[in-house]
Number of protein chains: 2
Amino acid sequence: MAWLYRPRRGDAALESTELKKAGLKATLPRLKILDILENSNQRHMSAEDVYKALLDLGEEVGFATVYRVLTQFEAAGLVIRHNFEGGHAVFELERGHHHDHIVCVQCGRVEEFYDQIIEDRQRAVVASKGYEINDHALVIYGNCTKIDCPYRSRG
Amino acid sequence: MAWLYRPRRGDAALESTELKKAGLKATLPRLKILDILENSNQRHMSAEDVYKALLDLGEEVGFATVYRVLTQFEAAGLVIRHNFEGGHAVFELERGHHHDHIVCVQCGRVEEFYDQIIEDRQRAVVASKGYEINDHALVIYGNCTKIDCPYRSRG
DNA sequence: AGGTTAAATGAGAACGATTATCATTAGCAT
DNA sequence: ATGCTAATGATAATCGTTCTCATTTAACCT
Ligand SMILES: [Mn+2]
Ligand SMILES: [Mn+2]
Ligand SMILES: [Zn+2]
Ligand SMILES: [Zn+2]
């Protein structure tokens, strides 16, 4: 999926500051990975997606480093990790606005949504069960009807 | 967690019929695993939970068979597989009523709920995005305040 | 700018959950 | 009971991810 990464290189100084603010040294691998997350066409990337984007740029970064850095970014609040079905985690930049996801089980397309009523009802349900809410993951699996979905149900 | 399995053996003939109806031969491993799923105190069990329950009964069933049978049960619609966080899948008997889950991130307790408003809103959101809904997974992570939660927030 | 040092990296081993392989065993239709 | 086929169990393999450790590097201090 090489073409998915648009190399419109972000401002290196800004990204460096972003890392420092998060308490992380501005190393080359971290800057490159942050750059990819910020400029890729796909908002939700697996560790392998990121690694391949690095390869496509001719960058020499180890796979272990990709995992390490993504985990550090998560701990620092720079990215969110999702466990959609399929065995591998996907990461996206934290943009400060909670949202949930619809995943097309055919083509893998990911759509985001936010529904205040759903959010409110979750709080109500949890409270009624005597829990203190912490986090939640709502993933809807479906078939998209996008014209370019290669597995589209009908024409 | 041996004590979690109540060996009030279910009706073997019934369970045998249940398997046949699902298109599965009534083999000993399958009968035993179905029995454990039906009579365990915990409604949501990992493959390892099931395997340990078998060991506690002195049954000789291979780990690979446990995985295989659980996957077959899922394909046959007898059980549902959930991918809560934590790396391993959990299974529960299909009881014909969709529900979602609250998981205590401290003690692992699992609570079930069903909320019609949430279900309806999901359909609406999905439709508005041009998807055909297929399935969904809503897991709320929280801290339970049950008196017997060993990690309870306060006294 | 050059030196120091603790932290970060990369290659590969290790890991945990799950699946595949394959020789042996066991349902079950005849 | 016999035979055929599917199921089992021991073990190897796989997959995504994390760990180990020798080497490199960013940040700090002359
Ligand atoms: Mn998202
Ligand atoms: Mn349940
Ligand atoms: Zn939400
Ligand atoms: Zn639901």
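Values below: all heavy atoms of this structure, side chains included; hydrogens, waters and symmetry mates excluded. Residue numbering restarts at 1 for every chain, and letters A, B, ... go by the order of the sequence lines.
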Out of curiosity, does A/L55 fall in the hydrophobic cluster containing A/L37 (side-chain heavy atoms, cut-off under 4.5 Å, transitive links)?
->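 Yes: a chain of side-chain contacts under 4.5 Å links A/L37 to A/L55.
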Does a donor on one side chain sit under 3.5 Å from an acceptor on the other, for [X] and [Y]?
X: B/N83; Y: A/N83; result: no
X: A/H99; Y: A/H101; result: yes
X: B/R68; Y: B/T71; result: no
X: B/H97; Y: B/E112; result: no

Indicate yes or no for a side-chain donor-acceptor contact from A/R81 to the backbone of A/E74 under 3.5 Å, with no hydrogens or angles considered.
->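 A pair under 3.5 Å: no.
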Are the charged groups of A/K32 and A/E60 less than 4.0 angstrom apart, N to O?
->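 No.
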Carboxylate-amine/guanidinium proximity below 4.0 Å for B/R43 and B/E92 =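 The answer is no: the pair does not qualify as a salt bridge.
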Test salt bridge (charged side-chain N to carboxylate O under 4.0 Å, His left out) applied to A/E85 - qualifying residues, sequence neighbours left out |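 With sequence neighbours excluded, A/E85 shows a salt bridge (charged side-chain N to carboxylate O under 4.0 Å, His left out) to no residue whatsoever.
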Set out, line by line, the N/O atom pairs under 3.5 Å between protein and nucleotides 4-12 of chain C.
from   : atom 1 : to    : atom 2 : distance (Å)
C/dA8  : OP1    : A/R30 : NH2    : 3.0
C/dT9  : OP1    : A/T27 : OG1    : 2.6
C/dG10 : OP1    : A/E60 : O      : 2.7
C/dG10 : OP2    : A/G62 : N      : 3.1
C/dG10 : OP2    : A/T65 : OG1    : 2.7
C/dG10 : N7     : A/R68 : NH2    : 2.7
C/dG10 : O6     : A/R68 : NH1    : 3.0

What about A/H136 and B/Y141, are their ring centers closer than 6.0 Å?
->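 So the answer is no for these two rings.
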Tell me, which of residues 78-92 of chain B have any heavy atom that sits under 4.0 Å from an atom in DNA chain C?
->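 Of all residues in residues 78-92 of chain B, the ones placing a heavy atom under 4.0 Å from DNA chain C are B/G87, B/H88, B/A89.
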Span of DNA chain D, from the first to the last nucleotide whose atoms fall under 4.0 Å of chain B heavy atoms |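 That gives a stretch of D/dA6 to D/dT11.
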Using the test side-chain contact (heavy atoms from CB on, under 4.5 Å), find all partners of A/E94 that sit at least two apart in sequence or belong to another chain.
->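 For A/E94 the side-chain contact (heavy atoms from CB on, under 4.5 Å) partners, ignoring immediate neighbours, are A/I80.
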Report the end-to-end axis angle of the helix from C/dA1-D/dT30 to C/dT30-D/dA1; each axis comes from five terminal pairs, and the value is rounded to 10°.
->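 Result, rounded to 10 degrees: 30°.
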Once you round to the nearest 0.5 Å, how far does CD1 of B/I133 lie from CD1 of A/I102?
->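 Reported to 0.5 Å precision, the distance equals 8.0 Å.
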